[in-house]
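Letters A, B, ... mirror the listed sequences (proteins, then strands); counts begin at 1.
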Amino acid sequence: MESKSTELSSQYNPKDVENRIYRRWMESGFFNPDKRPKSKSYKLKSKSFSVVVPPPNITGSLHMGHALNATIQDILVRKKRMEGYKTLWLPGTDHAGIATQNVVEKDLKKEGKTRHDLGRERFISRVWEWREKYGNIILDQFKKIGSSLDWSRTRFTMDSEYQEAVKKVFVYYYKKGWIYRGKRTINWCPRCATSLSDLEIEYKEEKTKLYYIKYDMFSVATTRPETKLGDTALAVHPSDMRYQKYIGEAIKIQSVDPAIPAGDQPKLKEISLKIIADTSVDPAFGTGVVKVTPAHDLADFEIYQRHPEIPVMQVIGENGRMTHEAGVRYAGLKTKEAREKIAEDLASLGLIEKVEEYTHNTSVCYRCSSVLEPIFSTQWFMKMEKLSQQAIRAVGSGNVRFHPKRWEKIYLDWLKNTRDWCISRQIWWGHQIPVGYCVACGTIKLEPKTKGNWYFVRHGETDWNIVRRTQGSSDIPLNETGRLQAKGAGSTLKERHIDLIISSPQKRAKETAEIIARELGGVEIIIDEELRERHYGVLEGFTLAEAEAKGIVTFRGESITGSGFTPPDGETLEELEARVNETLHRHKKQHAHKNIVVVSHGATLRTLFRVLRRLDIPQAKILPPMHNAQIMHFGIAPQACKCGSDFIEKDENVLDTWFSSALWPMVTLGWPKKTKDFKTFYPTQVLSTARDIINLWVGRMVFSGIELAKKTPFKDVIIHATILTKDGKRMSKSLGTGIDPLDLIERFGADATRFGLIWQAMGNQDMHWSEEHVIAGKKFANKLWNASRFILGKIGDLSLPLAHAPKPKTAADKKLLSALAKTKKQLEKHIEKYEFGQAIHLFYEFFWHEFCDQYLEASKQQFANPDLAERTQQILIHTLADSLKLLHPFMPFVTEEIWRHLPKKTNLPLMVEEWPK
RNA sequence: GGGCGCUUAGCUCAGUGGUAGAGCGACUGUUUUACACACAGUAGGUCCAAGGUUCGAUCCCUUGAGCGCCCACCA
């Protein structure tokens with residue numbers, strides 16, 4: 001450990017130092033609060049200090065915001081650790097549902113596949129693979145900047161304990177009546193194919209047209225004429241004198257007839273709309289009359305809630321296209337296409353009064369920027385009223401404090417008027433909702449248990465599938481793709497403890513069954529003649545086009561399987577139903593407690609599902625077709641539902657990512673178990689984060705903590721500055737305006753990068769990034785290095801710690817020591833107030849100008865005087881030691897490296913040395 | 001439409017009710033036994049504008065302008 005200044009080069013080179021120092025810290029174990037130094041020269045505190053890192057998405061890589069936030073947290077944590085607190089800074093990552101799913105889907109796309117080609121389970125294992133490979137990259141990047149995180153406690157929002165906790169929370173809220181399932185109008189992203197919450201919306205300005213459409217004597221303005229097809233009322237303000245006499249009346253208006261095929265000239269059709277009164281209508285805007293489309297406008301849906309007597313009509317589907325309810329004229333068109341088409345039709349029918357240019361904000365998806373469509377949909381919701389109040393109270397009472405204070409307003413304003421939170425998402429990657437339903441009647445079963453499981457599998461692909469040729473009784477074998485699909489299905493079914501496979505005798509099914517059996521390590525196969533495909537009579541072996549071309553039969557846009565049509569000489573759906581029903585119940589009786597795979601065919605399985613769901617033939621249209629080798633899973637409940645059926649199916653939805661991240665500070669520390677960590681470290685002290693997730697995340701953590709763990713999860717919320725480009729633009733990877741902190745670390749060192757970030761983080765306003773401060777940081781590290789070299793060369797045999805703090809002898813001594821004392825005091829104050837920029841400016845001024853420029857120069861004179869030499873040595877080493885300690889939280893690498901070279905009686909790393917008072 | 005923040009040296013930003021500061025840059029010296037990634041100096045500002053409060057305003061108040069951000073169901 002003893003070393004001479006001559007060993008130190010005249011320049012500080014961070015590259016030689018940083019990785020080595022970080023390794024030393026890791027090896028010391030001191031990031032872990034359970035492994036504090038034993039031979040401490042000062043008293044350790046029993047009090048804890050804990051911070052949980054805002055978990056970065058596993059899809060992310062370190063950006064400037066992370067770098068700043070990591071530095072802020074590291075400063076706090078390192079200081080508290082040096083003060084002797086039992087200090088924990090806990091790392092981890094977020095599964096980031098939609099974001100991650102999108103990334104993996106993009107990855108799949110390169111192979112020409114969609115997630116539907118894999119099926120849910122194999123897609124999910126693919127995401128896990130992805131996360132194994134890339135999910136921890138960002139955590140390694142946190143190491144590069146010097147974060148003193150306790151890696152032994154790394155958590156992930158999808159690890160198994162976390163999943164259990166999330167389930168428990170769902171069940172808790174459900175039983176309390178705060179989570180409910182309901183059909184409401186929600187924001188829908190057609191590209192991500194999922195619902196979104198109110199906070200997951202962004203707005204984009206769009207130039208569009210405002211159409212004034214005639215509704216009889218009224219004129220109604222809209223930017224979305226296609227929603228006219230879903231109008232179910234007109235609304236006026238109750239005290240609007242112009243329209244008073246119409247309120248409550250149904251008026252007849254001329255509209256376009258959506259039943260006329262698209263190719264034909266548009267025709268008029270008389271429809272009837274009720275006029276209702278609602279205070280949300282602004283009589284001063286436009287004509288004071290509003291069309292009400294409850295299914296496709298959030299505001300209109302609220303009007304509907306106040307006027308439940310009006311109907312709801314859904315004309316836009318989840319694919320972002322017009323539904324058949326919109327009428328054949330528009331069905332299948334994208335909303336934008338339908339908008340143009342209907343505007344054209346209305347104009348040619350003389351129903352458009354005028355069109356104005358108009359600029360407004362369109363809502364877009366925060367993950368993929370697609371235009372959102374409000375649609376009417378069954379979702380899970382969390383009642384927000386009580387939870388919001390609790391979160392409001394936490395700030396009102398001072399239990400949670402924002403720094404700077406003004407962010408309180410953002411938080412409170414949102415909480416004061418939250419709508420119920422839509423927590424279900426229709427994606428696959430995430431925490432699945434722990435609920436099942438009776439297959440027949442839909443009754444909700446919480447955390448359903450099963451005594452047996454049925455996996456219905458459609459056969460893999462054949463060559464006839466590709467060309468969509470009916471292959472009812474035709475015995476076509478699997479093709480290469482089909483065999484791979486079957487193998488995939490088999491691997492999905494591994495670990496499902498399959499006892500038995502029952503298969504149709506036809507080649508395509510039997511081969512599928514055999515491949516699955518092989519994948520499962522040899523499971524018994526029973527062949528059941530009754531599981532064969534429906535016989536299509538004269539249509540056997542034809543594609544629809546061929547059948548129509550030969551005049552055998554004519555369909556209008558309907559598939560054979562989807563319609564109730566029976567081809568001549570074909571099997572009727574009633575006959576099919578009878579055989580399927582008999583077969584199902586026969587096997588159910590025989591194999592009640594087993595896990596069974598049934599391999600069959602499209603039409604047969606469809607009829608089977610229709611029987612299980614108790615749908616009649618026309619209703620069966622709602623059943624989606626099964627892909628090749630797709631698996632449908634139904635469980636057998638130990639007890640039958642009131643309706644008599646004992647088949648249950650799982651809810652397919654997953655929870656909003658923020659539902660689980662809301663539990664982060666609790667669950668990472670062990671909740672709901674009363675673990676030692678939970679008792680020691682919950683609640684945490686500080687949360688440092690970016691301002692854009694104040695409501696999305698901070699608010700939800702606060703009410704979750706209060707409601708579930710009975711304590712607010714943290715006391716102080718630091719909202720750090722947002723780093724912008726020099727021109728004040730947002731840093732964005734896609735625009736190429738981003739700065740990579742790893743690049744800065746590479747060029748200038750981690751300490752310099754931290755210095756540059758903190759130096760600019762003044763007053764918590766946005767910072768316009770400027771690299772020169774990182775360069776200043778590099779120079780400062782060098783200054784520190786050289787001052788230390790000088791001092792090491794002057795102090796003779798002295799070693800740390802000194803028996804006493806040295807007393808000043810000369811005026812220069814006095815000035816320096818009083819400046820040091822003042823610096824300690826003010827630095828302390830700044831850090832405690834989270835004024836990190838001010839703190840580093842202060843220290844810089846002291847060290848560079850007062851210590852180096854003045855005292856070091858003065859010391860050269862003092863060494864010439866033998867009476868002063870020893871005291872000067874003491875003051876130099878004392879001031880240097882204190883300086884290194886004070887700076888260590890800000891610039892940990894260089895300070896630690898210098899500390900290593902100081903002559904000392906003990907051998908502790910600087911990171912656990914005592915904070916100077 | 002509502003709210004918030006910002007406007008100070010060439011650039012990035014501190015700051016104070018009493019003659020205005022840092023870092024970087026520019027310029028002039030200095031290779032003086034830690035550091036030229038340094039040292040000693042110098043120049044450079046109607047503190048966005050107008051009005052008000054005050055003995056005195058860059059700071060407090062009002063209004064306005066510019067920039068940025070957030071929220072919002074004005075169809």
Side-chain angles (χ1 to χ4, degrees), chain A residues 5-6 8-13 185 198-199 201-203 210-213 220-225 227-228 231 234-235 237 278 280-293 297-303 358 360-361 363 374 404 406-410 413-414 416-417 419 691-692 694-695 721-722 724 726-730 748 752 755-756 759-794 835 837-838 840-842 844-845 848-849 852-854 856-857 859-860 863 876 880:
Chain A
S5 62
T6 48
L8 302 181
S9 70
S10 69
Q11 280 181 23
Y12 172 65
N13 188 351
T185 299
D198 297 340
L199 287 176
I201 299 167
E202 278 173 8
Y203 294 95
L210 186 63
Y211 300 88
Y212 288 77
I213 304 174
V220 177
T222 181
T223 53
R224 307 184 60 201
T227 62
K228 180 185 200 306
D231 286 351
L234 291 174
H237 194 274
D278 196 278
S280 69
V281 181
D282 179 357
F285 186 86
T287 55
V289 184
V290 178
K291 65 197 236 8
V292 183
T293 320
D297 187 294
L298 265 51
D300 290 2
F301 179 74
E302 285 179 4
I303 294 179
Y358 193 67
H360 76 145
N361 286 325
S363 50
R406 70 186 138 89
W407 297 109
E408 259 183 37
K409 196 168 148 41
I410 303 291
D413 285 353
W414 177 67
K416 278 177 192 157
N417 44 90
R419 273 193 291 238
R691 60 160 180 252
D692 47 346
I694 290 177
N695 296 324
T722 302
L724 306 171
K726 200 154 190 154
D727 318 324
K729 297 277 183 303
R730 223 182 162 70
F748 306 110
F755 179 98
W759 184 269
Q760 295 180 74
M762 302 291 288
N764 289 286
Q765 56 174 300
D766 296 348
M767 66 171 89
H768 292 198
W769 178 253
S770 173
E771 192 172 283
E772 69 206 33
H773 302 297
V774 179
I775 296 168
K778 183 175 181 283
K779 291 184 180 177
F780 190 48
N782 197 55
K783 188 74 181 172
L784 201 69
W785 185 256
N786 278 298
S788 305
R789 278 178 58 212
F790 173 77
I791 293 164
L792 278 169
K794 295 283 186 192
E835 296 165 346
Q838 283 85 347
I840 195 77
H841 278 256
L842 178 90
Y844 182 95
E845 169 67 22
W848 197 303
H849 299 300
C852 294
D853 291 348
Q854 293 179 38
L856 257 49
E857 292 309 320
S859 76
K860 291 173 187 171
F863 278 119
L876 282 176
L880 177 63

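Using N1 to N3 plus N6-O4 or O6-N4 for Watson-Crick, or N1-O2 and O6-N3 for G-U wobble, each under 3.5 Å, B/C71 pairs with B/G1. Using the Watson-Crick or G-U wobble rule with both distances under 3.5 Å, B/A57 pairs with nothing in any strand shown. The partner of B/C27 is B/G41, by the rule that a Watson-Crick or G-U pair needs both atom distances under 3.5 Å. If you check B/A22 for Watson-Crick or wobble pairing at under 3.5 angstrom, you find it paired to B/U12. Pairing for B/U7 goes to B/A65, judged as Watson-Crick or G-U wobble with the two contacts each under 3.5 Å.
A gap of 14 Å separates the P atoms of B/A57 and B/G17, to the nearest Å. B/G44 and B/G10 are spaced 9 Å apart, taking the C1' atom of each and rounding to whole Å. B/C6 and B/A14 have their C1' atoms separated by 14 Å, given to the nearest Å. Comparing B/G64 with B/C4, their P atoms sit 14 Å apart, to the nearest whole Å. Using atom P as the reference point in both B/C61 and B/A20, the two lie 22 Å apart (nearest Å). Taking atom P on both B/U16 and B/U53, the two are 25 Å apart, rounded to the nearest angstrom. Comparing the same atom, P, in B/C48 and in B/U8 gives a spacing of 6 Å after rounding to whole Å. Rounded to whole Å, the separation between the C1' atoms of B/C70 and B/C24 comes to 32 Å.
Rounded to whole angstrom, the span from the CG atom of A/L724 across to the P atom of B/G5 amounts to 17 Å. Straight-line distance from the NZ atom of A/K726 to the C1' atom of B/G25: 10 Å, rounded to whole Å. For the pair A/N695 CG and B/C71 P, the computed distance is 8 Å after rounding to whole Å. For A/Q760 and B/C13, the CD to P distance is 7 Å, given to the nearest whole Å. A/K409 places its NZ atom 11 Å from the C1' atom of B/C70, with the value rounded to the nearest Å. Note: CD (A/E302) to P (B/A75) measures 15 Å, nearest angstrom. Here B/C35 presents its P atom at 14 Å from CD1 of A/I791, a figure rounded to the nearest Å. As rounded to whole Å, 12 Å separates atom P of B/C24 from atom CD of A/E845.
Taking side-chain N and O atoms only, A/Y358 has no distance below 4.0 Å to OP1 or OP2 of B/C74. Not one side-chain nitrogen or oxygen of A/R406 sits closer than 4.0 Å to the OP1 or OP2 atom of B/C70.
Positionally, the nearest nucleotide of RNA chain B for A/S10 lies more toward the 5' end than for the other of A/S10 and A/L210. The residue among A/A787 and A/H841 whose nearest nucleotide of RNA chain B is located toward the 5' end is A/H841.
Under 4.0 Å is where a charged nitrogen must lie from a carboxylate oxygen, and between A/R691 and A/D766 at least one such pair does.
Taken to the nearest 0.5 Å, the OG atom of A/S363 stands 10.5 Å off from the CG atom of A/D198. If you take CG on A/D300 and OG on A/S280, they are separated by 8.0 Å, rounding to the nearest 0.5 Å. Taking OH of A/Y12 as the start and NZ of A/K778 as the end, the distance is 10.5 Å to the nearest 0.5 Å. How far NZ of A/K779 is from CH2 of A/W848: 7.5 Å, rounded to the nearest 0.5 Å. Taking CG from A/D231 and OG1 from A/T222, the interatomic distance works out to 8.0 Å, rounded to the nearest 0.5 Å. Within the model, atoms CG of A/L210 and OH of A/Y358 stand 6.0 Å from one another, a figure rounded to the nearest 0.5 Å.
When heavy atoms are screened at a 4.0 angstrom cut-off, A/A776 is found touching the sugar-phosphate backbone but no base atom. Using a 4.0 Å heavy-atom criterion, one finds that A/L856 contacts the bases of the nucleic acid, with or without backbone contacts as well. Base engagement by A/H773 is indicated by at least one non-hydrogen atom pair under 4.0 Å involving a base atom. Backbone-only contact: A/W759 has heavy atoms under 4.0 Å from sugar-phosphate atoms and none from a base. Heavy atoms of A/K291 sit nowhere under 4.0 angstrom from any nucleic acid atom.
Out of B/U12, B/C24, B/A34, the shortest distance to the side chain of A/Y844 is found at B/C24. Across B/C24, B/A34, B/A14, the shortest atom-to-atom separation from the side chain of A/Q838 is found for B/A14. The side chain of A/H360 sits closest to B/A75 out of B/A75, B/G23, B/C13. Considering only the side chain of A/M762, B/A14 comes nearest among B/A75, B/A14, B/U12.
Judged by distance alone, the side chain of A/W785 and the main-chain N or O of A/N13 form no donor-acceptor pair under 3.5 Å. Looking at A/N786, its side chain does come within 3.5 Å of a backbone N or O of A/S10 through a donor-acceptor pair. Not one N or O on the side chain of A/H849 forms a donor-acceptor pair closer than 3.5 Å with the backbone of A/Q854.
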| field | A/T293/A/R224 under side-chain contact (heavy atoms from CB on, under 4.5 Å): CA gap, chis, key distance, verdict | value | CA-CA 11 Å; A/T293 320; A/R224 307 184 60 201; over 6 Å; no
| So A/V774 and A/W769, side-chain contact (heavy atoms from CB on, under 4.5 Å) or not? Walk me through it. | CA-CA 10 Å; A/V774 179; A/W769 178 253; 3.6 Å; yes
| request: Let me have a per-nucleotide readout for nucleotides 27-33 of chain B, 5' to 3', with B, S or -, counting only protein heavy atoms under 4.0 Å. | output: -------
Could I get a table of every N or O pair under 3.5 Å where one atom is in the protein and the other is in nucleotides 37-43 of chain B?
residue	atom	partner	partner atom	Å
B/C37	O2'	A/N782	ND2	3.3
B/C37	N3	A/K778	NZ	3.1
B/C37	N4	A/Q11	OE1	2.2
B/A38	O3'	A/K783	NZ	3.1
B/C39	OP1	A/K783	NZ	3.2
B/C39	OP1	A/W848	NE1	2.3
B/C39	OP1	A/D853	OD1	3.0

